[in-house]
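Keep in mind it's a predicted model, so treat the numbers as computed, not measured.
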2 protein chains.
Amino acid sequence: MNLKELSKLLGLSPTTVSRALNGYPEVNAATRMRVTEAALKHGYSPNLLAKRLATGRTLTIGHVVPLSVHQMINPIFADFIAGAGEVYSTSGYDMLISVVPPEQEHAAYRKLATQRGVDGFIVHGPTVTDPRIALLQELGIPFLVHGRGGPSESNYSWLDINNRRGFLRATELLLDLGHRRIALLNGHETMSFAARRRQGFDTAMAERNVPVDPALLRSEEMIEPFGFEAARQMLSLDRPPTAFLVSSMMIALGVLRAAQERGLEPGRDLSIVTHDDDLSFLPNHGAIPLFTATRSSIREAGRRAAEILIEIMTHPGTGPRQELWESDLTIGLSTGPRPKET
Amino acid sequence: MNLKELSKLLGLSPTTVSRALNGYPEVNAATRMRVTEAALKHGYSPNLLAKRLATGRTLTIGHVVPLSVHQMINPIFADFIAGAGEVYSTSGYDMLISVVPPEQEHAAYRKLATQRGVDGFIVHGPTVTDPRIALLQELGIPFLVHGRGGPSESNYSWLDINNRRGFLRATELLLDLGHRRIALLNGHETMSFAARRRQGFDTAMAERNVPVDPALLRSEEMIEPFGFEAARQMLSLDRPPTAFLVSSMMIALGVLRAAQERGLEPGRDLSIVTHDDDLSFLPNHGAIPLFTATRSSIREAGRRAAEILIEIMTHPGTGPRQELWESDLTIGLSTGPRPKET
DNA sequence: CCCAGCTTTCAAACCGCTTTGAATTTTGCC
DNA sequence: GGCAAAATTCAAAGCGGTTTGAAAGCTGGG
């Protein structure tokens with residue numbers, strides 16, 4: 001059942017039927033009623049492909065995901081996607097995900113943009129000097145970056161959390177508790193978010209004139225074994241850290257495992273502060289959460305990112321939009337004053 | 001730059017140019033060369049929307065993801081998607097993800113199918129009596145189920161692992177080690193995979209005439225706190241379990257945390273066997289893996305699922321395809337003989 | 001040299017919808 | 001009742017490709 005058939009059935013022109021269904025004002029109320037009823041009755045729904053070609057809009061938003069051995073598809077991305085997808089489907093948009101080898105990433109953006117496969121992009125995981133931003137500006141297609149990257153951050157739209165300040169406050173918290181030997185287990189510091197967290201850490205330490213020991217700094221893939229191995233190794237140093245500041249719950253779980261293995265009780269013998277993306281499958285709630293954490297829901301970020309991008313696409317010409325969220329600092333069971341004997 | 005312009009530029013008809021670029025045989029080799037060169041030089045790439053409308057094929061595969069508070073987007077899904085997406089992009093397909101409230105799930109399938117938004121579907125997480133299979137059969141659109149569900153399993157295509165046998169073998173392993181009080185921390189048993197794992201467990205226990213204690217059976221969302229809470233509670237029973245068989249690495253990490261909290265050493269004081277989906281961010285490898293596990297890569301499943309679906313779509317009319325994978329049983333550090341004192 | 005039979009190219013129809021510009025019908029007012 | 005303006009409806013021209021059926025150009029055997 002297509003538009004032509006339906007209009008013939010109704011004795012109307014395709015024009016009128018199309019307008020009636022799309023809510024245009026210049027159609028008689030009675031006619032519109034008749035049309036919508038007939039459409040429902042005969043199970044008519046417009047062919048998306050035709051609609052897209054005619055309007056030039058795809059109502060699709062693209063997410064290009066580079067797939068490499070190192071930068072793995074991670075659960076953080078999944079939760080972001082869930083949030084964004086929620087907004088898309090209520091706003092009538094579709095989500096297109098293109099998983100490509102890293103060396104084809106640029107080609108993928110270019111192809112989707114020039115072949116009119118999507119109306120806009122959300123860019124994930126910007127690096128400190130991210131070339132994708134310039135590419136998308138050159139392609140002239142709406143986009144929003146989750147995070148900030150590249151040399152300038154004023155001429156494009158982004159949504160980010162204040163990573164620097166979050167880790168600055170977290171470090172201060174540990175310093176206030178008397179800790180001096182604080183280990184930082186960070187994500188890859190080529191990533192913008194990790195670099196900013198590092199800055200926050202360094203700044204807080206410098207302000208209190210506490211030296212940073214390079215032996216306590218690691219920057220790797222944020223998975224559980226990283227936390228475990230790094231903590232295990234650092235805890236067997238001559239002067240082990242009394243506190244760990246880590247960039248993800250997965251790392252924190254690894255640190256926890258290493259601590260428990262040594263019989264150290266978190267909060268008493270060892271402090272752990274983590275960033276918590278509030279992932280749906282890794283809850284850190286409860287009466288008192290397990291970990292003291294800087295928290296910001298990645299899913300909520302996905303939702304908001306989608307909203308902003310849709311606004312950008314529907315109101316082109318307005319300047320870039322930027323939103324910076326502060327993260328919550330919630331106290332859990334994993335922090336306490338520096339143990340006396342140290 | 002569109003087809004008409006390019007053809008005018010070349011002094012050819014759009015027909016010929018189209019054929020030249022799409023590799024049809026009835027075009028002169030010299031002409032084809034000239035056309036492809038010109039296309040490259042002028043940066044011509046066909047408008048996808050037009051192409052889709054003309055051919056009726058979208059080259060898009062849909063994944064409908066119900067989003068509810070209970071059934072969360074989980075990292076398992078993310079890894080599957082990564083595998084599938086990899087195959088899609090090398091085969092020229094796009095991946096469309098539709099995140100919808102659970103009550104709109106059927107409508108979403110129907111809409112994507114009838115509006116010709118996608119050429120096929122991959123169905124995730126089938127339940128024991130899954131209505132989506134009948135729906136998709138009625139809609140007459142190609143699809144492949146990851147897992148098996150519904151009353152019959154012979155008249156549609158699926159890719160699954162042998163969950164029943166995997167857990168049967170895992171249970172036998174624990175029984176061979178002398179364990180009698182074995183706890184099962186499973187996923188929701190409305191899900192097909194969890195029901196089958198339960199069957200495997202029950203069968204193995206029954207074959208050895210070992211009674212199953214209902215107090216040691218739990219079936220919930222597979223997240224870390226579930227493993228922690230359940231293990232913590234069970235370990236404080238009068239007759240605590242000496243072994244845990246669990247359905248995901250996340251649960252296993254929770255059990256591990258509860259065990260360590262009590263000072264129990266896994267492998268010596270307590271045995272843990274888990275199913276391991278081989279998630280990229282939760283590796284269980286190493287010289288000796290942390291957990292003894294039934295392992296099957298979910299990412300590899302995603303890849304294969306995509307391959308099979310594409311075969312189905314390109315060769316319609318052939319019967320349903322089904323593939324059942326056995327999982328590996330790898331011995332890690334988390335299992336050992338039943339402690340003497342119990 | 002002619003013509004059958006290939007090879008190559010082309011004009012036009014089509015995919016199913018939107019939208020422009022014109023035509024038709026209604027309405028409101030004198 | 002007549003007429004201009006407003007409200008509806010319509011025919012036709014896109015959107016940018018693919019594909020059908022016919023035409024034009026080549027080849028080679030008689």
Side-chain angles (χ1 to χ4, degrees), chain A residues 1-39 42-60 92 94 111-119 314, chain B residues 1-39 42-60 92 94 111-119 314:
Chain A
M1 170 66 61
N2 59 23
L3 184 63
K4 201 189 286 181
E5 285 170 35
L6 183 66
S7 58
K8 194 161 294 176
L9 223 67
L10 282 162
L12 289 168
S13 73
T15 311
T16 305
V17 175
S18 168
R19 284 181 168 152
L21 293 174
N22 288 309
Y24 280 72
E26 64 268 64
V27 49
N28 191 315
T31 310
R32 187 190 306 270
M33 181 81 72
R34 209 157 63 86
V35 170
T36 46
E37 267 170 16
H42 296 92
Y44 167 77
S45 70
N47 182 310
L48 271 188
L49 305 178
K51 193 163 189 162
R52 287 174 180 166
L53 177 58
T55 59
R57 299 177 60 201
T58 61
L59 292 180
T60 300
D94 287 325
K111 187 178 159 220
L112 284 173
T114 59
Q115 301 191 345
R116 317 272 40 238
V118 301
D119 290 344
T314 46
Chain B
M1 171 63 62
N2 59 24
L3 184 62
K4 201 188 286 182
E5 286 170 35
L6 183 66
S7 59
K8 194 160 293 174
L9 223 67
L10 283 162
L12 288 169
S13 72
T15 312
T16 305
V17 176
S18 169
R19 282 181 170 153
L21 293 173
N22 288 310
Y24 281 71
E26 63 269 61
V27 49
N28 191 316
T31 310
R32 186 190 308 271
M33 183 79 73
R34 209 158 60 88
V35 170
T36 45
E37 267 170 14
H42 297 93
Y44 167 77
S45 71
N47 181 309
L48 271 187
L49 305 178
K51 194 163 189 161
R52 286 175 179 165
L53 176 59
T55 59
R57 297 178 62 202
T58 62
L59 292 179
T60 300
D94 286 325
K111 185 177 160 220
L112 284 174
T114 58
Q115 302 191 343
R116 316 273 39 239
V118 302
D119 289 343
T314 46

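- Pairing each heavy atom of B:R19 with each of B:R32, the nearest pair is O-NH1, 3.9 Å.
- Set against D:dT9, C:dT18, C:dT8, the side chain of A:V27 has D:dT9 as its closest nucleotide.
- Nearest nucleotide to the side chain of A:P46, out of D:dT19, C:dC17, D:dG16: C:dC17.
- Rounded to an integer number of Å, the gap from B:E26 CD to D:dT18 P is 13 Å.
- Taking the nucleotide of DNA chain C with the nearest heavy atom to each of B:P14 and B:T55, the more 5' of the two is matched to B:P14.
- Straight-line distance from the CE atom of B:M1 to the P atom of D:dG17: 10 Å, rounded to whole Å.
- The distance between atom CZ of A:R52 and atom C1' of C:dC15, rounded to the nearest whole Å, is 15 Å.
- Expressed to the nearest 0.5 Å, how far CG of B:L112 lies from CG of A:L48 amounts to 8.0 Å.
- Not one side-chain nitrogen or oxygen of A:N2 sits closer than 4.0 Å to the OP1 or OP2 atom of C:dC15.
- With hydrogens and angles ignored, no donor-acceptor pair under 3.5 angstrom links the side chain of B:T16 to the base of C:dT8.
- Residue B:L12 is in sugar-phosphate contact alone, with no base atom involved, counting any heavy-atom pair closer than 4.0 Å across all strands shown.
- More than 12 heavy atoms of other residues, nucleotides or ligands sit less than 6.0 Å from atom CE of B:M1.
- When distances are taken from the side chain of B:K51 to each of C:dT9, D:dC15, D:dG17, the shortest belongs to D:dG17.
- Of the two residues contacting DNA chain C, namely B:R19 and B:A54, the nearest-nucleotide position lying further toward the 5' end is that of B:R19.
- Here A:Y24 does not reach the OP1 or OP2 of C:dT20: none of its side-chain N or O atoms lies under 4.0 Å away.
- Proximity note for A:S13 (side chain, C-beta onward) versus C:dG16, D:dC10, D:dG17: the nearest is D:dC10.
- The interatomic distance linking A:N22 (CG) with C:dG16 (P) rounds to 17 Å, in whole Å.
- Distance B:R57 CZ to D:dT18 C1': 13 Å, rounded to the nearest Å.
- The nearest whole Å value for the distance from the CG atom in B:L21 to the P atom in D:dG16 is 17 Å.
- In this structure, the side chains of B:V35 and B:L10 come closer than 4.5 Å at one or more pairs of heavy atoms.
- C:dC17 atom P lies 10 Å from atom NZ of A:K4, rounded to whole Å.
- Donor-acceptor pairing under 3.5 Å, judged by distance alone, is present between the side chain of A:T15 and the base of C:dT19.
- For the pair A:L3 and A:V17, the minimum side-chain heavy-atom distance is below 4.5 Å.
- With C:dT8, C:dG16, D:dT9 as the choices, the nucleotide that has an atom nearest any side-chain atom of A:N47 turns out to be C:dG16.
- The nearest whole Å value for the distance from the CG atom in B:L3 to the P atom in D:dG14 is 17 Å.
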